Amino acid sequence: MPQPLKYNKKFDELNEEEKQLLEINKKSIADFVEQSSSISDVNYATRNAHAKTYAAADGTFIIDKNIPEELFQFFDGEKFDLTIRISNANLKINTTEKDIPAYGFAVKVKDENGDLIANFPLVNFPLFPTNSVSHFLKLFTAVNRLYMKKWRGMFSLAAQAVKMIPYFFTLSFFKNIIKLLGKRNDFILSFDYHSVGAYRLGENMIKIKLVPKSVNKKFGRKLKMKDALKSYFQDNNYTAEVFIQFCYDLKSQPINRLNVEWKNSPYIKIGEVIINQGALLDPRDCTNELLSFNPFESKPFFQPVGKIQKLRDEAYKVSLQTRRKINKLLNKHQ
């Protein structure tokens, strides 16, 4: 087995144009969050992505007893406490129409004292629609502005969407789009969840995959998603296997090409995520909306890798700071 490729900070570096576009995008994020309560017609400020919380829950990460010896240093306990948020990727909280099947499964890993070890925001689609940082920032800024009724952003949105079309023409992307369409009506807990981008594991780089065990994909089809999850955890536990892939070479496991799957890197099982029956948190607790799953708050040897991933750091910070400021003000006036 070859040796994994070592992390280098050059994988994360943005050029000057990308840095300037990021500053513009951060302003659009703050503006969006400030108006998010009216955009989604709710009485609190929402996130600017994965705005809709279906459920939050306590969970446990059980380490596999047969993990490779070299991984022991990162998993020095038999189990770790988790906080999990299950969400929809839409920027706007939709209460009338059916949600698109773009789901999030964000995991907060904590030590025995409740202190943060790592945040891993996972999603049910393993690829990202562009490798271009500048195209993505322009597109995301246009989307934010469009939701704020700034219709002049429509032209910019259309232009950036056209530029992203070539990134869709990969075998990996086609295969996963077809797979998603086939599962579009399936229960949210029956999906696999992926890190999309890479993360550090010490000096190595990995991707993460969560695979559920024995979840009925047809569960709760006649229920709204929040009700389906509530019903599921009244009678069932949830268990998912956790796998990682190592990056050995950039040709087969590219760090900054997120529209293709990694190949020639075997999946290694490192443990299981378990959510027990009755472990959902109170949906009326407003602190659920103040939870942060920013992966850059993780300990250094678990942090994200790559240029697109780097954008998350600033985006999460702006979104969280604006959201907390507004929600604290709203709470004072209630």
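One is the number of the first residue; the rest follow in order along the sequence. Computed over heavy atoms, backbone and side chain alike; hydrogens, waters and symmetry mates excluded. Keep in mind the model is a prediction, meaning the values are calculated, not measured.
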Test log, rule side chain to side chain donor-acceptor pair (under 3.5 Å), inputs Tyr103 and Asn88: CA-CA 5 Å; Tyr103 303 131; Asn88 187 275; 5.4 Å; no
Geometric class of the Phe302/Phe120 ring pair [parallel <30°, tilted 30-60°, perpendicular >60°]: perpendicular
Whether Tyr232 and Phe187 hold their rings parallel, tilted or perpendicular, with breakpoints at 30° and 60°: tilted
Looking only at side chains, do [X] and [Y] share a donor and an acceptor under 3.5 Å apart?
X      : Y      : value
Asn204 : Tyr199 : no
Asn294 : Lys317 : no
Asn25  : Thr141 : yes
Asn276 : Tyr238 : no
Glu17  : Ser134 : no
Asn264 : Tyr248 : no

Would you mind checking if [Y] and [X] are paired as a salt bridge, meaning a charged N to carboxylate O distance below 4.0 Å?
X      : Y      : answer
Glu13  : Lys307 : no
Lys209 : Glu241 : no
Glu272 : Lys213 : yes
Asp186 : Arg221 : yes

Arg200 to Tyr7, cation-pi by 6.0 Å centre distance and 45° axis angle: yes
Cation-pi check, Lys110 onto Phe80 ring (under 6.0 Å, within 45° of axis): no
Residues Thr83, Asp58; criterion side chain to side chain contact (heavy atoms under 4.5 Å, CB included); working and verdict: CA-CA 5 Å; Thr83 299; Asp58 290 325; 4.2 Å; yes
Salt bridge (Lys or Arg N to Asp or Glu O under 4.0 Å) partner of Glu23, the single match among Lys26, Lys27, Lys19: Lys26
Asn124/Asp192 under side chain to side chain contact (heavy atoms under 4.5 Å, CB included): CA gap, chis, key distance, verdict: CA-CA 6 Å; Asn124 68 323; Asp192 295 346; over 6 Å; no
Minimum side-chain heavy-atom gap Ile63-Lys79 below 4.5 Å: no
